[in-house]
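Dropping the structure in here first, questions after.
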Amino acid sequence: MTCRIGILISGRGSNMEAIVNHIREENASIKVCFVASDRAKAAGLEIARNRGITTAAISYKQGRAAAETEIEKLWQEHQIDLLLLAGFMRLITGDFVSRHEGRILNIHPAMLPKFPGAHGIEDFWKSGESSSGVTVHIVDAEMDHGPILMQQKVDRTAEDTMETFEAKIHAVEHQLYWRALKNYIPKLSQEA
Ligand code: GRF
């Protein structure tokens, strides 16, 4: 059975693109049915369009409830099994989460529960700690919170600048989201 997924982004979409590439390289039974963004100009939308994927812009002008109605429509229209947040900078409401329990995943550029929020890499960097990492987790109603599926540590070396460290984090993200996704999908079908 093909697993049908949707992806929500807000920016450049490198995690989305990595997933699309992994699917193609491994010829996996996963279909990216749509990529949607709360920012109509998100660079990732253009990348998705160029890869032949349906895209959508979600307006948050009328508030979160109206925006989530649009996301729900996409969910139903494309009959997705799973929604991936990939650099999506909006909070999902508890209502939406409870309708889709265990069916929304997120990636965060730190070792949750450490450094949640929009500046996970910068906050770690300023903390002076010696290692951080990447987390893939199931989304619940709290920000950057919910059952952890996979984590990978990333050390900060003496040679690192914030830019080189950030690049290491992103390189790990581009592998870890895929590994976590492949590992999680069979669990979804057992539950259905
Ligand atoms: C990633 O670091 C992700 O973990 C965080 O936002 C960033 C998005 O990057 N939530 P991209 O849009 O996937 O390139």
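Everything quoted here is computed from the prediction, not taken from an experiment. Indexing begins at 1, ligand by ligand and atom by atom, following the structure's order.
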Should we count CD of Q76 as having more than 12 external heavy atoms under 6.0 Å? yes

Can you tell if the side chain of I92 reaches within under 4.5 Å of the side chain of E68, non-hydrogen atoms only? yes

Give the residue and atom name of whichever protein heavy atom lies nearest to atom 6 (O) of ligand 1, and the separation in Å to one decimal. G87 CA, 3.5 Å

Could a heavy atom of E17 be found less than 4.0 Å from some atom of ligand 1? no

If you measure every N or O of G13 against every N or O of ligand 1, does any of those distances drop under 3.5 Å? yes

Could you identify the single nearest non-hydrogen protein atom to atom 4 (O) of ligand 1 and state the distance to 0.1 Å? E173 OE2, 2.2 Å

When you compare the side chain of R51 with that of R24, does any pair of heavy atoms fall below 4.5 Å? yes

What protein heavy atom sits nearest atom 11 (P) of ligand 1, and how far away is it? S14 N, 3.4 Å

With a cut-off of 6.0 Å (strictly less than), are more than 12 heavy atoms of other residues, nucleotides or ligands near NZ of K114? no

Residue, atom and distance of the protein heavy atom nearest atom 9 (O) of ligand 1 read N15 ND2, 3.8 Å

Carboxylate-amine/guanidinium contact K73 E70, below 4.0 Å: no

When you look at V136 and I107, which way does the side-chain contact (heavy atoms from CB on, under 4.5 Å) test go after all the steps? CA-CA 4 Å; V136 177; I107 187 159; 4.1 Å; yes

With a cut-off of 4.0 Å, which atoms of ligand 1 are near a heavy atom of I107? 4 (O), 10 (N)

